[in-house]
Amino acid sequence: DGSFNLPGGNMMLDLRIVDGQLLITRVAPDSTASRAGLRPGFVIIRIDGAETSKMLKDFAAQMNKSPLVRSWSPGLKDFLAAQMMLYRAGGEPGTTARLQYLDERGQIRETAIEREKPSGELSPRFGYLPSQRTEFEAKRLASGHGYIRFNAFMMPMAEKVRAALRGFKDAPGIVF
């Protein structure tokens, strides 16, 4: 269907590259990943037996072959690499992904996660950007502050962010 992070979005994790490592930055509540004990801050070192460090190096080598991609910022390259790791780990809902990771103590752990149906809305293509699953969350925290979270700033997200900002006009602050 031309989407970018399908089927990989169905592990219910957000991943980022930090210091060359694949770091979990968010685990969807009530997901199989959450129930398996995965938490933000854990470092994924293997996906289905494949070393993430090798996959990241291979992906970087592929990106550097393109003159256009070579000109991109390191942050954008890392974002795309993390998305490719999600895609690599994807599969049909109901199938299992085996992850090896470092926990908060630096101990190597393993778990199996049942892949879930992807969440979020599928964005339209925008220029050279493919469609992708987008997630948006806005809520007022107990302190009265506004909280806005989204995973990709695609065009349909703009109106949701504007509406949330209008709703938080009386908030003492907003967390993005």
Side-chain angles (χ1 to χ4, degrees), residues 1-44 52 56 59 63 69 71-90 93 99 101-106 113 115-176:
D1 62 8
S3 58
F4 180 61
N5 63 356
L6 290 176
N10 57 13
M11 284 201 343
M12 309 307 281
L13 299 171
D14 286 343
L15 304 173
R16 296 291 180 267
I17 310 301
V18 177
D19 295 332
Q21 296 181 312
L22 189 60
L23 185 75
I24 298 173
T25 56
R26 181 176 180 275
V27 180
D30 297 323
S31 65
T32 58
S34 174
R35 290 188 293 277
L38 294 177
R39 302 286 177 261
F42 290 0
V43 175
I44 298 178
T52 56
L56 289 170
F59 186 64
M63 285 195 299
V69 176
S71 69
W72 292 354
S73 72
L76 179 57
K77 290 177 187 177
D78 283 349
F79 172 78
L80 289 175
Q83 293 303 305
M84 290 308 296
M85 293 294 103
L86 280 173
Y87 185 82
R88 164 70 171 74
L99 301 180
Y101 63 94
L102 298 176
D103 67 11
E104 69 275 6
R105 294 185 188 105
I113 301 173
R115 295 176 176 104
E116 300 181 44
K117 182 178 177 188
S119 62
E121 299 175 28
L122 194 57
S123 73
R125 291 178 58 96
F126 182 72
Y128 290 108
L129 295 175
S131 54
Q132 60 182 300
R133 294 264 174 207
T134 60
E135 297 176 357
F136 178 82
E137 178 182 8
K139 62 184 175 183
R140 192 171 292 261
L141 302 175
S143 64
H145 291 79
Y147 170 84
I148 299 172
R149 183 193 71 81
F150 51 90
N151 66 331
F153 197 79
M154 300 296 282
M155 290 309 291
M157 204 61 63
E159 185 50 43
K160 292 178 181 181
V161 170
R162 276 194 291 271
L165 289 172
R166 285 191 295 272
F168 296 141
K169 66 182 175 190
D170 63 335
I174 299 173
V175 177
F176 271 92

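Computed from a predicted structure; not experimentally measured. One is the number of the first residue; the rest follow in order along the sequence.
Minimum heavy-atom separation, Ala81 to Leu56: CB-CD2, 3.9 Å. Of all the heavy atoms in Pro172 and Gly144, the pair that sits closest is CD-O, 3.4 Å. Taking each heavy atom of Ser31 and Met12 in turn, the nearest pair found is CB-CB, 3.6 Å. Nearest heavy atom pair, residue Gly146 against residue Ala171, reads N-CB, 3.9 Å. A pairwise comparison of heavy atoms in Glu135 and Met157 identifies O-CE, 3.8 Å as the closest pair. Closest non-hydrogen pair, Ile113 versus Thr32, comes out as CG2-OG1, 3.1 Å.
Here CZ of Phe42 is found 11.5 Å from CG of Leu13. Values are rounded to the nearest 0.5 Å. Rounding to the nearest 0.5 Å places CD1 of Ile148 at 4.0 Å from CZ of Phe176. The line from CZ of Phe59 to CG of Asp78 is 10.0 Å long, rounded to the nearest 0.5 Å. In this structure, the separation between CD1 on Ile17 and CD on Gln21 is 9.5 Å, given to the nearest 0.5 Å. With values rounded to the nearest 0.5 angstrom, Leu23 atom CG is found 8.5 Å from Leu15 atom CG. Distance check: Tyr147 OH to Glu137 CD gives 5.0 Å after rounding to the nearest 0.5 Å.
Tested against Leu38 for a side-chain contact (heavy atoms from CB on, under 4.5 Å), the candidates Ile44, Ile24, Asp103 yield a single pass: Ile24.
A distance-only check finds no donor-acceptor pair linking the side chain of Ser34 to the backbone of Val27 [under 3.5 Å].
Residue Asp30 places its CG atom among 12 or fewer non-hydrogen atoms of other residues, nucleotides or ligands, all under 6.0 Å distant.
Classification of the Phe136-Phe150 ring pair by plane angle, with boundaries at 30° and 60°, yields parallel.
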